[in-house]
Amino acid sequence: MFLSRTLLKRRSVLPGFDLALGFTVLYLCFIVLIPLSAAFLKTFTLTWPEFWDTVTSPRVMASYRLTFGASFVAALANAFFGLIIAWVLVRYEFFGKRFIDALVDLPFALPTAVAGIALTALYASNGWIGQYLALVGLKVSYTPLGVFVALTFIGLPFVVRTLQPVLEDLQKEIEEAAATLGATRWQTFSRVLFPIMMPALLTGFALAFARALGEYGSVIFIAGNMPLVSEITPLLIITKLEQYDYAGATAIAVVLLVVSFVMLLAINMIQAWARKRQGG
Amino acid sequence: MTTLNSVNTPMTAVSLPQPRKSALDATAEPVWVRWVLIGTALGFLTLFLFVPLVAVFVEALKKGVDVYLAAIVDPDALSAIKLTLMAALVSVPLNVVFGLAAAWAIAKFDFHGKNLVLTLIDLPFSVSPVIVGLIYMLVFGLQGWFGEWLRDHDLKIVFAVPGIVLATVFVTFPFVARELIPLMQAQGQEQEEAARVLGASGWQMFRRVTLPNVKWALLYGVILCNARAMGEFGAVSVVSGHIRGQTNTMPLHIEILYNEYQFAAAFAVASLLAGLALVTMALKYIVERRVKREVRLASENQGISS
């Protein structure tokens, strides 16, 4: 009763608002909000210098460089290939297209640990793919390059699945108009179609990047986990936990959480911008 | 004839692009561009998605069917399978109830703070799995908020099954709600209001009107939720304590086998999860089309009625 009287903007004949919203908020608090607040409260047991030293120690700094760098490059690769894959799936007809379309979801459906060991075996120097890369002197498994491969695998569906609906909704008339006005196909793509796809592409890129930052399961098998070289930030949280350094683990976690929340905000802003542009 | 020509000639003189052979050409890429794009897409997908998937099954059967079967009927593997099924069996229904409640409140009522609730529901997706494990350690671990109280009452949450279930619930939190909310928003309130006016009780309205309307979206959410629940690694790894035969889920069992260099056994267990992923993808593909069509139909109907 309290909830419906204070929060509802309009009275409704439908029942169950108090029960539904009450349960939603309660469940949200117990499962998500209260445990998350524990992370922030725990860091207050550290003094500022202690916190700063933990989150800027050389090993942690090296892990940020790897995590952010590999995530960024992987998200870029996803944006590039994702755009091509989405385009091909929407625009062209070819044998096995429906199978390919379903296959794009594999990284969502395949458990990360399974992806991790499969990629490691493939890209090891005696693996199916790794043996050919070894011929040109390229080592992937147990190097930072392996981190990039795993993160590219994980992020691919984000770009494809955000772009596909936008491409499907594109009206042929726009392209016909461009062609009538004398644009070449490339000009139509780069000046007309690409700007329309840009917000979705950016959203997909940001989603892939955000997911890659926190990824753990697929990366730890292939990374080799050498301190200062191929350790990702989530792994350092686990390492600290195993040494019973809860405060240290939490300090690093808070840095990662803040970055994730900023990414979430950025994604929401991109989407709001996209909606406004579509409406206008 | 002559007048037409006199109009046309000066135009070609300004060297406009050559008239195209057909309307199709104007809005399509040259054939070679098409093939390069299709080739790039297929090459990338083969290398990054298809080959790893095949590799799981090939590696699993590398040492023969006997080794494969032995790895799966191993008592530790069986207990890991049981625990994985149980974690999914608890967390999926919990998130279904939550998803229905959240979608009912958000889609059918207009209230202050709706956007905040919507953002918070999505929050678990942006939290690293490792951090999910960490926060439950901070709350229920021995050094955590309730650690001593739990120890005094002989209760165990982390390094035990409840912790694994909690971590699974967290990482699968938004799946069902996210599928239901847009559909129920598109469907509007009219049908439920009609049921109420005709004298249906709240429960009758829910069971006979709302539930049938959202059944495909609900199934879709359950499929996604279940896949993630069975495959979660990072969050569960932190809270499980890796006690063999007791708190090992399938992904954790794979990790242990892999680290012990029992590759064939690790891939054997992994192949079960890869099989689950294939089933998930097939179901998703079938159900997704229905859900998309329902959302589109519902929003078109709303467009006509409003």
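All of these numbers come straight from a predicted model, not from anything done at the bench. Reckoned from all heavy atoms, side chains included, excluding hydrogens, waters and symmetry mates. Throughout, a chain's letter reflects where its sequence line sits, starting with A, and its residues are numbered from 1.
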Below 30° counts as parallel, above 60° as perpendicular, anything between as tilted: where do the rings of F109(B) and F17(A) land?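 Because their plane-to-plane angle lies in the 30° to 60° range, the rings of F109(B) and F17(A) count as tilted.
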
Any side-chain heavy atom of [X] within less than 4.5 Å of one from [Y]?
X       : Y       : result
K9(A)   : F111(B) : no
F108(A) : R228(B) : no
I135(B) : K42(A)  : no
Y258(B) : T120(A) : yes
L241(A) : V238(B) : yes

Which bit of [X] comes within less than 4.5 Å of chain B, counting heavy atoms only: side chain, backbone, both or neither?
X       : answer
F189(A) : neither
F99(A)  : side chain
W87(A)  : side chain
F261(A) : side chain
R98(A)  : both
S218(A) : neither
V149(A) : both
I117(A) : both
L33(A)  : side chain

Which one of [options] has the most heavy-atom pairs closer than 4.5 Å to chain B?
options                            : result
T180(A), T233(A), T152(A)          : T152(A)
L256(A), I129(A), L36(A), L119(A)  : L36(A)
L156(A), N268(A), I252(A)          : L156(A)
L103(A), L264(A), L110(A)          : L103(A)
L213(A), L207(A), T112(A), I237(A) : I237(A)
I84(A), L41(A), V104(A)            : I84(A)

So, for [X] and [Y], which heavy atoms are closest and what is the spacing to 0.1 Å?
X       : Y       : result
P129(B) : G214(A) : CD-O, 3.5 Å
P234(A) : V130(B) : O-CG1, 3.6 Å
L138(B) : A39(A)  : CD1-CA, 3.7 Å

Is there a donor-acceptor pair under 3.5 Å between the side chain of W104(B) and the backbone N or O of P15(A)?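 Such a contact is found between W104(B) side chain and P15(A) backbone.
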
Looking at S126(B) and S260(A), would you say the former's side chain and the latter's main chain have a donor-acceptor pair under 3.5 Å?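 Pair absent, no side-chain N/O of S126(B) close to backbone of S260(A).
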
Heavy-atom pairs under 4.5 Å with chain A are the metric here; pick the option from L45(B), L49(B), L273(B) that has the most.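 Highest number of pairs under 4.5 Å: L49(B).
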
Drop me the distance from T40(B)'s OG1 to I85(A)'s CD1, to the nearest 0.5 angstrom.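 Reported value, rounded in 0.5 Å steps: 9.5 Å.
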
First locate atom NZ of K108(B), then atom OG of S12(A), and finally report the distance between them rounded to the nearest 0.5 Å.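 Rounded to the nearest 0.5 Å, the NZ-OG separation comes to 10.0 Å.
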
Identify which part of [X] has an atom lying under 4.5 Å from any heavy atom of chain A, answering side chain, backbone, both or neither.
X       : value
F44(B)  : side chain
V58(B)  : side chain
N95(B)  : both
F98(B)  : both
M205(B) : side chain
K284(B) : side chain
L47(B)  : both
L120(B) : both
L37(B)  : both
L94(B)  : both
V33(B)  : neither

Trace of the side chain to side chain contact (heavy atoms under 4.5 Å, CB included) decision for I34(A) with V139(B): CA-CA 9 Å; I34(A) 295 174; V139(B) 175; 5.5 Å; no

Between F153(A) and F48(B), is a ring pair (Phe, Tyr, Trp, His ring centres under 6.0 Å) present by the stated rule, with each step listed? CA-CA 6 Å; F153(A) 174 86; F48(B) 273 85; 7.9 Å; no

Check step by step if side chain to side chain contact (heavy atoms under 4.5 Å, CB included) holds for L42(B) and I100(A). CA-CA 8 Å; L42(B) 290 185; I100(A) 299 288; 3.5 Å; yes

Under the side chain to side chain donor-acceptor pair (under 3.5 Å) test, residues paired with D122(B) that sit two or more places apart: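 D122(B) satisfies side chain to side chain donor-acceptor pair (under 3.5 Å) with R178(B) once adjacent residues are dropped.
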
Given side chain to side chain contact (heavy atoms under 4.5 Å, CB included), test L106(A) with L53(B) step by step and report yes or no. CA-CA 9 Å; L106(A) 182 72; L53(B) 183 65; 3.8 Å; yes

Kindly indicate, with the supporting measurements, whether the criterion side chain to side chain contact (heavy atoms under 4.5 Å, CB included) is fulfilled by R34(B) and V88(A). CA-CA 8 Å; R34(B) 259 190 255 191; V88(A) 164; over 6 Å; no

side-chain hydrogen bond (donor to acceptor under 3.5 Å, both in side chains) between Y92(A) and E29(B), worked out: CA-CA 10 Å; Y92(A) 305 148; E29(B) 292 75 48; 2.5 Å; yes

Check this for me: F80(A), atom CZ, are more than 12 non-hydrogen atoms of other residues, nucleotides or ligands nearer than 6.0 Å?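 Counting neighbours around CZ of F80(A), 12 or fewer heavy atoms of other residues, nucleotides or ligands fall under 6.0 Å, so no.
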
Above 12 or not: heavy atoms from other molecules or residues under 6.0 Å from CZ of F40(A)?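 Atom CZ in F40(A) is crowded, with more than 12 foreign heavy atoms closer than 6.0 Å.
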
